[in-house]
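Residue numbers run from 1 in the order of the sequence given.
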Amino acid sequence: MARPKAIHFTGDPEADALLAESPLALLIGFALDQQVTVQQAFAGPLKLRQRLGHLDPARIAAMDADALDAVFRQSPAVHRFPGNMAKRVQALCAIVTDEYGGDASRIWREARDATELEARIRALPGFGDMKVIALGATLAKRFGVDAAQPLSPTFMTLGDVDSPEALEAYQAAKRAHKQARRAEAAGS
């Protein structure tokens, strides 16, 4: 499968194109996808590139932590929790640099199978069950990564988002699911 021209997670054509062309941008977006909207999380890599002038994992990993924190806090902030997310992204970039020679795509390109790919994803800072599933589904469905196919669930995830309309449908389904879970918990 050819690399898509865009990953439609933000509604911003430039940010969506960056997610498709830069494996590190995609990973940073997933790292930021916590307690903010999908659009805000995945717009973060473009904000970082604009503010830093690059998305070089070695340079980000080597940055002074306070300087990176300031970049995250610059208005508008990259994330609702800029300090914590600056640390998470710096740790992610250190892993990409130290373990994958600065090439984030090696995480999935060189994984022998789904078990190894899952272990590699879980080793990234902030990547738990839901992110393993969502990133796995995105790699399988949007990038055709064979090792990711078994990680892709039968229910709808971000991996199913292939257009702005699909993002709206995904978010509506997610809201309905959360509302049903709250109603169920209230009835217990």
Legend entry - Side-chain ion pair, R122 and D129, N-O less than 4.0 Å: yes
Inset, instruction - Assess whether atom CD of Q179 is packed by more than 12 heavy atoms of other residues, nucleotides or ligands within 6.0 Å. - result: no
Atom pair [atom1] ([X]) and [atom2] ([Y]), whose distance is rounded to the nearest 0.5 Å:
| X | Y | atom1 | atom2 | result |
| --- | --- | --- | --- | --- |
| D69 | K87 | CG | NZ | 7.5 Å |
| L158 | L167 | CG | CG | 7.5 Å |
| D113 | Q149 | CG | CD | 13.5 Å |
| E110 | L117 | CD | CG | 12.0 Å |

A side-chain contact here means heavy atoms from C-beta on lying under 4.5 Å apart; do [X] and [Y] qualify?
| X | Y | result |
| --- | --- | --- |
| R120 | E99 | no |
| R59 | L52 | no |
| Q39 | Q171 | yes |
| I95 | P125 | yes |
| H177 | M156 | no |
| D33 | M130 | no |

Do [X] and [Y] belong together in a cluster built from hydrophobic side chains that touch within less than 4.5 Å?
| X | Y | value |
| --- | --- | --- |
| V38 | I133 | no |
| F81 | L32 | no |
| Y100 | I28 | yes |
| Y170 | V36 | no |

Inset, instruction - Classify the angle between the aromatic ring planes of F30 and F42 as parallel (below 30°), tilted (30 to 60°) or perpendicular (above 60°). - result: perpendicular
Could you tell me whether a side-chain N or O of [X] sits under 3.5 Å from a main-chain N or O of [Y], the two making a donor and an acceptor?
| X | Y | result |
| --- | --- | --- |
| Q90 | M63 | yes |
| R3 | F143 | no |
| K47 | Q40 | no |
| D16 | F9 | yes |

Which atom pair, heavy atoms only, marks the closest approach of [X] to [Y]?
| X | Y | value |
| --- | --- | --- |
| D160 | A166 | O-CB, 4.2 Å |
| V96 | A104 | CG1-N, 3.7 Å |
| A148 | L139 | CB-CB, 3.8 Å |
| R49 | E21 | NH1-OE2, 3.7 Å |
| L27 | F127 | O-CZ, 3.7 Å |
| P57 | C93 | O-CB, 3.4 Å |

Inset, instruction - Show your working on side chain to side chain contact (heavy atoms under 4.5 Å, CB included) between L26 and L135 and close with a plain yes or no. - result: CA-CA 9 Å; L26 185 67; L135 177 57; 4.2 Å; yes
Legend entry - Working for side chain to side chain contact (heavy atoms under 4.5 Å, CB included), residues K131 and Q34: CA-CA 10 Å; K131 289 186 187 181; Q34 182 177 329; 4.0 Å; yes
Inset, instruction - Kindly write out the residues that satisfy salt bridge (Lys or Arg N to Asp or Glu O under 4.0 Å) with D146, not counting sequence neighbours, or none if the list is empty. - result: none
Inset, instruction - List for me each residue that meets ring-ring contact (aromatic ring centres under 6.0 Å, His included) alongside F72, sequence neighbours excluded, and say none if there are none. - result: none
Legend entry - Stepwise side chain to side chain contact (heavy atoms under 4.5 Å, CB included) test for I60 and L48: CA-CA 10 Å; I60 294 170; L48 287 175; 5.7 Å; no
Inset, instruction - Go through L19 and T10 one step at a time and tell me if the side chain to side chain contact (heavy atoms under 4.5 Å, CB included) criterion holds. - result: CA-CA 10 Å; L19 296 171; T10 72; 4.3 Å; yes
